[in-house]
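Structure, as structure tokens:
Numbered from 1 within each chain, the chains take letters A, B, ... in sequence-line order.
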Amino acid sequence: DTGVSQDPRHKITKRGQNVTFRCDPISEHNRLYWYRQTLGQGPEFLTYFQNEAQLEKSRLLSDRFSAERPKGSFSTLEIQRTEQGDSAMYLCASSLSGQGAYTGELFFGEGSRLTVL
Amino acid sequence: AQKVTQAQTEISVVEKEDVTLDCVYETRDTTYYLFWYKQPPSGELVFLIRRNSFDEQNEISGRYSWNFQKSTSSFNFTITASQVVDSAVYFCALSEALDTGNQFYFGTGTSLTVIP
């Protein structure tokens, strides 16, 4: 499978616990994005990386959230001290940028659904 | 202000009917990009089309067609002779910069149900 993969697909946790999601982008893609999607809404931008550099963060990304892409390949999104309002689908996407290669389309994974009890 | 509006929350059609999904966008940029994505029950958003703001030519791909009108800031999506497999949530999205920042603004989606 050469698409974007996310793990775990589902996570149920108790309020106050920490959770971590992993995203493996399409291998040649240099950009990686995290989005959050709640029921009945479209995806909302959280942050994105160009290679290993985190270039932009949304104000939705509170200080309890941290994302890394240590070697410019896979990425992790950690949520500390989870709250019930964090319950959502966390989507990862990747794209290829640079030298005219960028077409603007994002390739999404199937998402990681978080339920905070 | 919401940048992408999909006023139709849910649509149901009978198989083989045509259906149009509306999308209205808002931007001050002269260069921007519009997209449609399909989200089937599996959850993965699937890219359908990208349209650049400087290209108002409509596009047809099989049973899918897109009508881009800058004068009304609309980018509507029509499915001809709908099929059950078209049942999904469809999102319209706007990107104001293709290579810097590149935030996508998604609409709230239109849930399409095609009844056999």
Side-chain angles (χ1 to χ4, degrees), chain A residues 1-6 8-10 23 25-26 29-50 53-61 88-114, chain B residues 2-10 21-25 27 29 31-55 59 61 66 75 88-112:
Chain A
D1 185 17
T2 57
V4 177
S5 63
Q6 294 187 242
R9 294 290 312 281
H10 303 275
C23 172
I26 294 172
H29 284 183
N30 53 359
R31 286 195 175 182
L32 186 148
Y33 305 78
W34 285 99
Y35 280 80
R36 183 178 72 180
Q37 185 178 21
T38 53
L39 196 62
Q41 299 296 316
E44 296 173 294
F45 171 79
L46 291 177
T47 188
Y48 95 98
F49 293 83
Q50 173 114 355
Q54 188 173 16
L55 296 187
E56 193 166 345
K57 292 194 289 187
S58 162
R59 62 182 180 277
L60 292 176
L61 214 67
M89 177 78 85
Y90 290 86
L91 297 167
C92 177
S94 68
S95 68
L96 179 63
S97 169
Q99 298 181 345
Y102 191 59
T103 63
E105 62 181 275
L106 303 183
F107 294 83
F108 283 86
E110 292 182 315
S112 293
R113 183 171 295 284
L114 173 65
Chain B
Q2 188 160 357
K3 292 183 177 287
V4 178
T5 301
Q6 294 181 255
Q8 304 151 309
T9 305
E10 296 181 358
L21 310 182
D22 297 334
C23 174
V24 174
Y25 63 91
T27 180
D29 287 9
T31 300
Y32 52 90
Y33 306 85
L34 296 164
F35 301 79
W36 276 95
Y37 279 82
K38 174 182 180 180
Q39 189 175 39
S42 63
E44 181 178 344
L45 283 129
V46 177
F47 168 81
L48 296 178
I49 190 172
R50 180 194 74 170
R51 176 59 69 217
N52 306 332
S53 56
F54 44 86
D55 179 6
E59 184 159 338
S61 176
W66 291 270
F75 185 43
V89 181
Y90 292 86
F91 291 96
C92 180
L94 165 74
S95 176
E96 292 170 327
L98 206 54
D99 214 30
T100 55
N102 187 58
Q103 284 195 27
F104 272 60
Y105 299 97
F106 284 86
T108 51
T110 297
S111 178
L112 173 66

Practice prompt. Search all heavy atoms of A:L91 against all heavy atoms of B:G43 and return the closest pair with its distance.
Written response: CD2-O, 4.4 Å
Discussion item. Suppose we screen for side chain to side chain donor-acceptor pair (under 3.5 Å). Which residues come up paired with A:Q37, at least two apart in sequence or across chains?
Written reply: B:Q39
Worksheet item: Has B:K38 got more than 12 heavy atoms of other residues, nucleotides or ligands less than 6.0 Å from its NZ?
Response: yes
Worksheet entry | A:R9, part contacting chain B, at a heavy-atom distance under 4.5 Å | side chain
Discussion item. For the CG atom of A:L106 and the CZ atom of B:F106, what is their distance to the nearest 0.5 Å?
Written reply: 6.0 Å
Item to complete: Kindly give the heavy-atom pair with the smallest separation between A:G42 and B:F91, and that separation in Å.
Response: CA-CE2, 3.3 Å
Worksheet, complete the sentence: Contacts of A:R36 meeting side chain to side chain donor-acceptor pair (under 3.5 Å) (sequence neighbours excluded), chain-then-number -> none
